[in-house]
Number of protein chains: 2
Amino acid sequence: MRTDAKKNYNALLAVAGTVITEQGADASLRDIARRAGVGLATLFRHFPTREALLEALLRVNFDQMTARADELEAATSPADALVLWLEEFIAHAHQYRGVVASMMTALEDPQSPLHASCVTMRSAGTRLLSRAQAEGTARTDIDGTDLFALAGSLAWLGDQPAIAPRVDHLFSVVSSAILTPAGNRTTAARTASRDRD
Amino acid sequence: MRTDAKKNYNALLAVAGTVITEQGADASLRDIARRAGVGLATLFRHFPTREALLEALLRVNFDQMTARADELEAATSPADALVLWLEEFIAHAHQYRGVVASMMTALEDPQSPLHASCVTMRSAGTRLLSRAQAEGTARTDIDGTDLFALAGSLAWLGDQPAIAPRVDHLFSVVSSAILTPAGNRTTAARTASRDRD
DNA sequence: ACCTGAACACCGTTCAAGT
DNA sequence: ACCTGAACACCGTTCAAGT
């Protein structure tokens, strides 16, 4: 890549980050190009679709979340690791309002630039879920796609101004459904897990 | 209203119903006016905002859901009434893809044409929830807004093609979190309720 | 190689001009 | 009273013309 091209690429990505943080994933691409001091057509060659731009933007978050899954898997109890990871997933998604819808559609569209990353995220979640299921602290009638869907729906709720204040509480409600098929609360699950050790 | 105006109004509403069923709540208003054989400005006078059009379109569903709540309250056990009503709420929302986002924002925006209807829906849900809470078959740490949010998030999941096939299962997962704080499954809640009678 | 301005076909919104 | 066509300021996408 030529040095001027690289400079434009970096400027676009930086501006896209701030604009999409401000206005959401459906922000005007024209506006992004304008604020980056670059022709609109230049943006389109670097990022042929909106999803390609989102992918470049989210790559950092995706890599971080994947690493975090490994970290939690090594250091924490299966149930805690699962819950903590989901919490971070939702927090990351919240940074870019509306992005979770793109991630959902990308999941079943192999053509989407976001497809590979979303499948990777789902795999990471599935691994944490399986560990908790094997330990008996997560219900066994859900799979990684269900987990992805529930996390996505909570992230979506976080994007709704009327609901955002309650999303932490709703997270604990949904978590209680995921953890411990017997239906105990998170703390109870932790107790059960500790007692078993 | 003049008879020609009434005719245009009805034509617009009928066409909007089919177009929004096909293309979702963000369908082109120009397209709706075109297919109704009416000038675009005419659509805007009858329905000054997209939300006003949605409100007129959803009024039928809202009235139906309100009546259904009364019906279920009279005829069914609190827990069953709650779950059945939520199921129908989600099915109705599913008819117009993307409409649930408008309902969420309308909930806290008194200016929105959808505001009153959404508040009414929330009230109906709150009533059914309170009955189940009083009976001991629904967890007591959630309120009507939480219920609205959870139902809305499930409706949103139903709009995602990748998730739609699993939405019935996810509904049962979330329901299990709403019902019976002890966390038993729906059938167990029903058993508990029956035993108490 | 890479960039850009202009053109294209859309969109929602407004309003003067018609009946 | 009610309707309409045209104008306006946007949008994403494409492409010939520039360096």
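In the text below, chain A, chain B and the rest are named by the order of the sequence lines, each starting its count at 1. Below, each value reflects all heavy atoms present in this structure, side chains not excepted, and no hydrogens, waters or symmetry copies.
The pair Glu135(B)-Arg131(B) does not count as a salt bridge, with every side-chain nitrogen at least 4.0 angstrom from each carboxylate oxygen. The pair Asp26(B)-Arg50(B) fails the salt-bridge criterion, with no side-chain N (NZ, NE, NH1 or NH2) lying under 4.0 Å from an Asp/Glu carboxylate O. Between Arg127(A) and Asp70(A) there is a salt bridge, since a side-chain N of the basic residue sits under 4.0 Å from a carboxylate O of the acidic one.
The side chain of Arg30(B) places no N or O atom within less than 4.0 Å of a non-bridging phosphate oxygen (OP1 or OP2) of dC10(C). Proximity of Asn8(A) to the phosphate of dC2(C): no side-chain N or O atom is located under 4.0 Å from OP1 or OP2. Residue His46(A) has a polar side-chain atom (N or O) positioned under 4.0 Å from OP1 or OP2 of dC3(C).
Secondary structure note: stems in DNA chain C built from 3 or more consecutive Watson-Crick or G-U wobble pairs under 3.5 Å occupy C:4-8 with D:12-16, C:12-16 with D:4-8.
Residue-to-nucleotide proximity on DNA chain C shows that, of Arg45(A) and Ser28(B), the 5′-proximal contact is made by Arg45(A).
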Full working for side-chain contact (heavy atoms from CB on, under 4.5 Å) between Phe62(B) and Met103(B): CA-CA 11 Å; Phe62(B) 285 144; Met103(B) 290 176 62; 3.8 Å; yes
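Nearest to the side chain of Leu40(B), among dT4(C), dT4(D), dT13(C), sits dT13(C).
A donor-acceptor distance shorter than 3.5 angstrom exists from the side chain of Asp159(A) to the backbone of Gly98(A), with no hydrogens or angles considered. A donor-acceptor pair under 3.5 Å links the side-chain atoms of His169(B) to the main chain of Asp141(A), judged by distance alone.
Note on Ala5(B): only backbone sugar-phosphate atoms sit closer than 4.0 angstrom, heavy atoms only; bases stay farther off.
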